[in-house]
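The structure under discussion appears below in the form of structure tokens.
Computed over heavy atoms, backbone and side chain alike; hydrogens, waters and symmetry mates excluded. What you see is a predicted model, and the numbers here were worked out from it, not measured in a lab.
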Amino acid sequence: MRFAEPLVEGRLVRRYQRFLAEVDTAAGRVTAHCPNTGSMQGCAEPGMRVWLSPASNPARKLAWTWELVEALPGVVVGMHTGRSNGLVREAIEAGWVAELAGYGSIRPEVKYGAGSRIDFLLQGPGRADCYVEVKNVTAAVEGGVGWFPDAVTTRGAKHLREMAAMLAAGHRAVLVFCVQRGDVDVVRPAGHIDPAYERAFREARSAGVEVLALGAEVSPAGIALTRRLGVG
């Protein structure tokens, strides 16, 4: 995935009210949309180098969207959670994810469970339907470990239970961690942040929900999934 327009570099002043960020750029201070609802642990400190994309709609209230952050020297992180589904779909359609190859159709945002929507429903003749849930991973610690979630997510635990129910009904269910940073080798459920999510994760995996972790190369030019990561 390449960015449609060149990104603008700046320095983060502050993230506030969850969806807003003040950024100092060469042209002055701007307010950008923050498309990440998590805590952004380790990725939202004042002074961090960031990159913004210009809004394609000139009538939009905020002219900029926060896309990337240099969380550590040389470690650029894709913090836009809305990009993760596109990255995973791109990888599936290119045949790069062997476990998800060979389906005739990919349908996004399909209703299932108790008022939920699965990120992708893969279907093909003679094959069980495959329910694919994508989670964006930005939080990392030393030793190449990435954590999900970075904040309590009752919705995430609910999705795991609903995926296990799809499995019990005879379908496939696959959880994909999309890791938009290059310093992660393994992804683990963050029980120290959300014990309920870790329990739901362990139970779903024991029931047969498949778990994949895909790592990306991230730069101001674009983002691409290029590595298979471990799952702890």
Flag yes if [X] and [Y] sit in one hydrophobic cluster, no otherwise; membership is Ile, Leu, Val, Met, Phe, Trp, Tyr, and two members link when side-chain heavy atoms are under 4.5 Å apart.
X	Y	answer
V187	Y197	yes
V209	V174	no
W64	M40	yes
L212	L160	no
V69	V8	yes

Testing the basics here: between [X] and [Y], what is the closest heavy-atom pair and its distance to 0.1 Å?
X	Y	answer
G38	D150	CA-OD1, 3.5 Å
A21	L12	CB-CD1, 4.0 Å
W51	E70	CZ3-N, 3.9 Å
G115	K158	C-NZ, 4.4 Å
C43	V77	SG-CG1, 4.3 Å
G230	A213	O-CB, 3.9 Å

Atom pair [atom1] ([X]) and [atom2] ([Y]), whose distance is rounded to the nearest 0.5 Å:
X	Y	atom1	atom2	result
T25	R11	OG1	CZ	12.5 Å
E210	C130	CD	SG	6.5 Å
R2	I223	CZ	CD1	11.5 Å
L72	M48	CG	CE	7.0 Å
F148	I193	CZ	CD1	10.0 Å
Y112	L121	OH	CG	10.5 Å

Would you mind reporting whether [Y] and [X] have side-chain heavy atoms less than 4.5 Å apart?
X	Y	answer
P108	R89	yes
E162	Y131	no
L52	V30	yes
R83	F3	yes
F120	N85	yes
L229	V186	no
T37	R18	yes
L225	W96	yes

Between [X] and [Y] (salt bridge meaning N to carboxylate O under 4.0 Å), is one present in this structure?
X	Y	result
R228	E99	yes
R227	D185	yes
R199	E203	no

Step by step, would you call V231 with R205 a side-chain contact (heavy atoms from CB on, under 4.5 Å)?
CA-CA 11 Å; V231 179; R205 202 174 185 191; 3.6 Å; yes
side-chain hydrogen bond (donor to acceptor under 3.5 Å, both in side chains) with T65: which of R60, H80, H33?
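Of the listed options, the one satisfying the test is R60.
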For the side chain of [X] and the backbone of [Y], is there at least one donor-acceptor N/O pair under 3.5 Å apart?
X	Y	value
E90	M1	yes
E9	R49	no
D119	V134	yes

Using the six-membered ring of Y103, assess whether NZ or CZ of R127 lies under 6.0 Å from its centre and within 45 degrees of the ring axis.
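Satisfied, under 6.0 Å and within 45°.
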Given L68 and V218, is the side-chain contact (heavy atoms from CB on, under 4.5 Å) satisfied, shown in steps?
CA-CA 8 Å; L68 311 176; V218 183; 3.6 Å; yes
Carefully, step by step, assess L62 and L20 under the rule side-chain contact (heavy atoms from CB on, under 4.5 Å).
CA-CA 9 Å; L62 296 176; L20 300 174; 3.6 Å; yes
Between F177 and F201, how do the two ring planes meet: parallel, tilted or perpendicular, split at 30° and 60°?
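Tilted, since the angle between the ring planes falls between 30° and 60°.
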Step-by-step side-chain contact (heavy atoms from CB on, under 4.5 Å) determination, L7 to S53:
CA-CA 5 Å; L7 301 186; S53 64; 3.6 Å; yes
Over 12 foreign heavy atoms within 6.0 Å of CD, E109
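More than 12 heavy atoms, drawn from other residues, nucleotides or ligands, come within 6.0 Å of this atom.
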